[in-house]
2 protein chains.
Amino acid sequence: MRLTKRKIATILRQHGYKLTPQRQVVIQAITSSQDHLTPAAIYEKVHQDHPNIGLVTIYRTLEILAELELICKLHAGGSCRSYTISTPQHHHHLICSNCGTVVDFTGHNLSDLEQRLSKESRFRIDGHLLEFIGLCQACQKAP
Amino acid sequence: MRLTKRKIATILRQHGYKLTPQRQVVIQAITSSQDHLTPAAIYEKVHQDHPNIGLVTIYRTLEILAELELICKLHAGGSCRSYTISTPQHHHHLICSNCGTVVDFTGHNLSDLEQRLSKESRFRIDGHLLEFIGLCQACQKAP
DNA sequence: TGCTAAATGAAAAATATTATCATTTACATG
DNA sequence: CATGTAAATGATAATATTTTTCATTTAGCA
């Protein structure tokens with residue numbers, strides 16, 4: 001289950017961040033989209049109804065949301081700085097290279113591999129990045 | 001086994017690209033490094049001995065090498081546009097977040113997961129991105 | 001050796017991101 | 001509910017990154 005606007009608002013406040021109208025608008029823009037969005041795309045989306053919200057505010061809001069892990073950064077698609085709304089549990093992403101739709105998936109456990117790698121390489125492993133890229137059902141039909 | 005300078009040169013030529021001295025220098029810079037390097041870092045490395053090679057040439061060379069899959073782009077580290085030399089077979093990366101050292105690993109097969117995902121999501125899956133991030137042995141001792 | 005398409009370098013243009021700072025505002029406190 | 005204050009905003013400038021343009025040079029084939 002994805003994070004709701006309300007839930008995000010609560011977490012922001014819990015961490016001492018103010019819930020400004022601008023932030024609410026940015027959060028709304030992200031939660032209401034199936035895609036992953038770049039800062040510029042969010043700015044455009046937001047700018048239509050709220051022409052006085054600046055791009056800088058988008059960047060600052062995204063930085064906070066990412067820090068609190070309320071949004072995730074995606075890489076396998078086009079931009080390396082596009083974001084999608086997060087889910088509370090650990091998950092990975094499946095991204096449509098055509099329309100940008102993101103599907104979350106869970107249930108794949110990398111810890112066996114992580115342990116093997118850690119032993120072989122003597123690294124202390126802190127995290128990982130796993131994304132699949134492909135074409136969603138709709139985009140397969142109409143490319 | 002990593003690609004050698006000579007091997008890369010051959011592949012370049014096979015694809016109709018000229019083997020210019022500048023390209024040789026860039027390739028040398030990448031193959032001689034354990035790290036992953038940003039365009040700017042490669043430029044600096046190269047610029048010491050070859051002050052007349054421009055940054056634009058670095059960008060252009062990287063683009064070609066990436067297109068031919070002779071180098072790989074890494075994401076989990078700092079920059080999303082840093083490159084490391086590739087290996088002929090399919091592999092993934094383990095990256096030290098401190099010094100940038102990259103360890104290739106193979107042998108983990110994602111095709112089971114890929115098939116499951118494909119069935120569940122009805123995506124046609126074309127590729128994936130898997131990187132682990134952590135601290136190498138040396139950096140664990142002296143952080 | 002000469003020809004030609006491809007590559008280079010320099011400079012500028014286009015994009016993307018971050019810093020600065022005066023002004024405004026959310027919200028905790030009384 | 002009014003108010004003080006730290007935090008947030010917007011405008012602007014600064015910085016960083018990447019791409020274009022174009023005149024000149026050059027790798028490598030004929």
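Below, read A as the first sequence line, B as the second, and so on, with proteins coming before strands; counting in each chain starts at 1.
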Worksheet item: So how far is it from B:Leu129 CG to A:Ile133 CD1, rounded to the nearest 0.5 Å?
Response: 9.0 Å
Worksheet item: When the ring centroid of B:His36 is compared with that of B:His93, is the distance short of 6.0 Å?
Response: no
Worksheet item: Above 12 or not: heavy atoms from other molecules or residues under 6.0 Å from CD of A:Gln48?
Response: no
Practice prompt. Compute the angle between the rotation axes at the two ends of the helix from C:dT1-D:dA30 to C:dG30-D:dC1, each taken over five pairs, rounded to 10 degrees.
Written response: 40°
Worksheet item: Rounded to the nearest Å, what distance is computed from the OH atom of residue B:Tyr43 to the C1' atom of nucleotide C:dG9?
Response: 10 Å
Worksheet entry | Parallel, tilted or perpendicular: ring planes of B:His92 versus B:His90, cut at 30 and 60 degrees | perpendicular
Worksheet item: How close or far is atom P of D:dT9 from atom CD1 of A:Ile58, stated in whole angstroms?
Response: 10 Å
Worksheet item: B:His15 NE2 to C:dA6 C1': how many Å, rounded?
Response: 17 Å
Practice prompt. Using atom CZ of B:Arg23 as one end and atom P of C:dA6 as the other, report the distance to the nearest whole Å.
Written response: 11 Å
Worksheet, complete the sentence: The contact string for nucleotides 17-30 of chain C, one letter per nucleotide 5' to 3', using protein heavy atoms under 4.0 Å with B, S and - for base, sugar-phosphate only and none, comes out as SBBB-----BS---
Item to complete: Using atom types as modelled and distance alone, determine if a side-chain donor or acceptor of A:Gln140 lies under 3.5 Å from a backbone N or O of B:Arg122.
Response: yes
Discussion item. Can you measure B:Gln24 atom CD to C:dT8 atom C1' for me and round it to whole angstrom units?
Written reply: 15 Å
Worksheet item: Taking the side chain from A:Asn109 and the backbone from A:Ser111, do they hold a donor-acceptor pair closer than 3.5 Å?
Response: yes
Worksheet, complete the sentence: Scanning both residues in full, the closest heavy-atom pair of A:Tyr83 with A:Ala66 reads CE2-CB, 4.1 Å
Fill in: Whether A:His75 and B:His75 hold their rings parallel, tilted or perpendicular, with breakpoints at 30° and 60°
perpendicular
Item to complete: Write down the distance between CD1 (B:Ile53) and P (D:dT25), rounded to a whole number of angstrom.
Response: 17 Å
Worksheet item: What's the CD1-P distance between B:Ile27 and C:dA7, to the nearest Å?
Response: 12 Å
Worksheet item: Has the side chain of A:Thr31 got a donor or acceptor atom that lies under 3.5 Å from a matching backbone atom of A:Lys5?
Response: no
Worksheet item: Can you tell me how far C1' of C:dA6 sits from CG of B:Leu12, to the nearest Å?
Response: 13 Å
